[in-house]
Undergrad: 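Sharing a structure, written as structure tokens. Questions coming.
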Amino acid sequence: MRMAAEDEFLRQQDLYYADGSVVLLAAHAGKTHAFRVHKSVLGTHSRVFADMFALPSTTENETYDGVDSVQMPDDAKDLEDLLRALYYPGTILSMLENRNPLAAIKYKGILLLSQKYFVRVLQKLLRARFRADWPSTLPEWDRLMEHYASLSASVVPQHDAASQFIDNRMLEPASAIRLAREANIPEILPAAFYMLSTISPFMDFDTLRSSHPPPLTDSQGIVLLWQPGERSARWGLLTPDDWLCLARGRHSMMDFARTFEQQEGQCICDSQICIQQNNKKKLLKGHPQDLLHVLKEIGSQQAPPQYPCYNALQALASRSMETRSILWENLSYYFGLPQVDDDQNDGDSDDIALVEGGLWTDEG
């Protein structure tokens, strides 16, 4: 029986139980962390751990502090989050905070581990939380945008430099795309890609928040100035495939807008200041462009009945609202995203209420 050296490991005190039956070892930032836990607890929540610990101990097993030890291939911080969730279920409540802008980055690791080790209830809760954050219908999208509009209109505290960024309180699409790709949650991709398409690629989330952000310039060398309320994204998280999807989506939506503009005939007033014509031109401003917002704005345009363009304007408004629905329903096609197939048949009921009482009941 081989014994691991004890002086080179960092013990996580609140996850290091004197009566623990196994020590899990995992690395983070060049240091090995030790977690002394119970095989029975891990096996209760995870089929993978249950099968692992069902194997009898042998003289070839590594030991640490007098018990079996297992060198885990996972990041120690992610493993710590998983173990903390199992031993201290109350910590899950913070993970289920509604539309936490940092959730996709902060909790991606624990979600991937819950899937890897088949910690079923935790996996279901986190997947349901991420799906609930991102709209799957146009009315849900509109409600989210109305909420963000109210945030932008509210007074933002200026007690520190970071508070000036309104999107500190908004969902960040690039990290959500990375999460959806790696954790196989394709349901959130259409809304995330669409949101990302409305943000300038020159506005980088992390660069703008650095202590000394470098000057931002566009492709022609023109200096760009960030404006309070302007959205940013973690562009560095995108893969080449993500960039390809984004480019396809933007190109397809511009074609969509151009087709819509051409299908609407010339107004009978034939005036340079025609509201109907000016509304149509809004669709062709170029990137980044929020077509859903523009179409809703056109659809909400009001004019007195005696106005010369009244009938044409009413027809355009009606068509705009219909076109919004068509655009939303085809986002997956425009961005070249995978078809959603009932969450890959995982049987997830999306019941966030699981966190209320009986959180860790065994599902077998």
Side-chain angles (χ1 to χ4, degrees), residues 1-96 106-129 182-184 344-349 351 354-355 357-364:
M1 184 175 291
R2 293 173 294 177
M3 183 174 295
E6 298 188 11
D7 58 353
E8 58 190 61
F9 301 149
L10 299 176
R11 297 183 180 184
Q12 300 299 312
Q13 294 304 318
D14 60 341
L15 289 171
Y16 199 91
Y17 295 90
D19 62 347
S21 54
V22 65
V23 174
L24 304 183
L25 303 173
H28 176 80
K31 296 184 180 297
T32 299
H33 296 245
F35 309 91
R36 184 167 179 170
V37 289
H38 306 86
K39 294 180 180 180
S40 59
V41 173
L42 301 188
T44 297
H45 301 305
S46 162
R47 297 177 186 177
V48 176
F49 281 127
D51 292 342
M52 180 192 304
F53 298 138
L55 300 174
S57 297
T58 70
T59 56
E60 295 300 315
N61 284 11
E62 289 272 7
T63 65
Y64 176 83
D65 201 13
V67 296
D68 289 344
S69 66
V70 179
Q71 184 67 55
M72 305 294 287
D74 315 297
D75 182 86
K77 290 302 181 184
D78 294 338
L79 183 61
E80 179 182 348
D81 286 343
L82 178 64
L83 295 174
R84 202 172 297 284
L86 299 182
Y87 277 91
Y88 306 100
T91 61
I92 300 300
L93 294 174
S94 62
M95 299 181 191
L96 300 179
K106 191 173 182 180
Y107 303 125
K108 182 180 74 173
I110 186 175
L111 172 58
L112 293 177
L113 285 191
S114 72
Q115 295 182 169
K116 176 180 179 180
Y117 294 113
F118 213 79
V119 183
R120 184 63 173 153
V121 175
L122 180 58
Q123 175 187 347
K124 290 178 67 174
L125 284 169
L126 291 174
R127 290 174 66 86
R129 174 69 275 150
E182 295 184 27
N184 192 26
Q344 317 307 305
N345 298 313
D346 72 349
D348 193 345
S349 65
D351 190 3
L354 280 169
V355 77
L359 176 63
W360 295 118
T361 55
D362 185 12
E363 294 195 345

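Being a predicted model, the structure only gives us computed values, none of them experimental. Count residues from 1 along the sequence.
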Undergrad: Go through it in stages, so that I can follow the logic: the residues are L112 and Q115, the test is side chain to side chain contact (heavy atoms under 4.5 Å, CB included), and I'd like the CA-CA distance, side-chain angles, deciding distance and then a yes or no.
TA: CA-CA 5 Å; L112 293 177; Q115 295 182 169; 4.3 Å; yes

Undergrad: Does some side-chain heavy atom of I92 sit less than 4.5 Å from a side-chain heavy atom of Y107?
TA: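 Y107 does not reach I92 side chain to side chain.
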
Undergrad: Does some side-chain heavy atom of V121 sit less than 4.5 Å from a side-chain heavy atom of H45?
TA: no

Undergrad: Are V67 and V22 close enough, and set up right, to give a side chain to side chain contact (heavy atoms under 4.5 Å, CB included), and what steps lead you there?
TA: CA-CA 6 Å; V67 296; V22 65; 5.6 Å; no

Undergrad: Please give me the minimum heavy-atom distance between Y64 and S69, naming the atom from each residue.
TA: CB-CB, 3.8 Å

Undergrad: Are the side chains of T91 and D81 in touch, meaning some heavy atoms are under 4.5 Å apart?
TA: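 Side chain of T91 against side chain of D81, heavy atoms only: no contact under 4.5 Å found.
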
Undergrad: Return yes if some donor-acceptor pair links the side-chain N/O of R127 with the main-chain N/O of A183 below 3.5 Å, else return no.
TA: yes

Undergrad: Can you tell me if S46 uses its side chain to pair, donor with acceptor, with the backbone of Y117 under 3.5 Å?
TA: yes

Undergrad: Report yes if some heavy atom in the side chain of K39 is under 4.5 Å from a heavy atom in the side chain of D68; otherwise report no.
TA: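 In contact.
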
Undergrad: Kindly compute the distance separating CG (L111) from CD (Q123), expressed to the nearest 0.5 Å.
TA: 7.0 Å

Undergrad: For a quick check under 3.5 Å, do D78 and H28 share a side-chain donor-acceptor pair by atom type?
TA: no

Undergrad: For residues A50 and G43, report the shortest heavy-atom separation together with the two atoms involved.
TA: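 Shortest heavy-atom contact: CB-O, 3.6 Å.
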
Undergrad: How about L82 and D74: do any of their side-chain heavy atoms sit closer than 4.5 Å?
TA: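 The answer is no, as the side chains (C-beta and beyond) never meet within the 4.5 Å cut-off.
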
Undergrad: Just verifying a value: how many Å separate L83 CG and H33 NE2, rounded to the nearest 0.5 Å?
TA: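 Between atom CG of L83 and atom NE2 of H33 there are 12.5 Å.
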
Undergrad: Does either side chain, that of Y16 or that of D65, offer a donor lying less than 3.5 Å from an acceptor on the other one?
TA: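 Result is yes, a qualifying pair exists.
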
Undergrad: When you measure from the side chain of R36 to the backbone N and O of D19, does any donor-acceptor pair fall under 3.5 Å?
TA: no

Undergrad: So which heavy atom on R84 is nearest to which on E80, and how close?
TA: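 Minimum heavy-atom contact is NH2-OE2, 2.5 Å.
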
Undergrad: For the pair Q71 and E62, evaluate side chain to side chain contact (heavy atoms under 4.5 Å, CB included) and give the outcome as yes or no after the intermediate values.
TA: CA-CA 9 Å; Q71 184 67 55; E62 289 272 7; over 6 Å; no

Undergrad: Should V119 and L113 be marked as a side chain to side chain contact (heavy atoms under 4.5 Å, CB included) after you check the CA-CA gap, both sets of side-chain angles, and the distance that decides it?
TA: CA-CA 8 Å; V119 183; L113 285 191; over 6 Å; no

Undergrad: Do L86 and V37 come within less than 4.5 Å of each other through their side chains, counting heavy atoms only?
TA: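 Heavy-atom side-chain distance check fails, nothing below 4.5 Å.
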
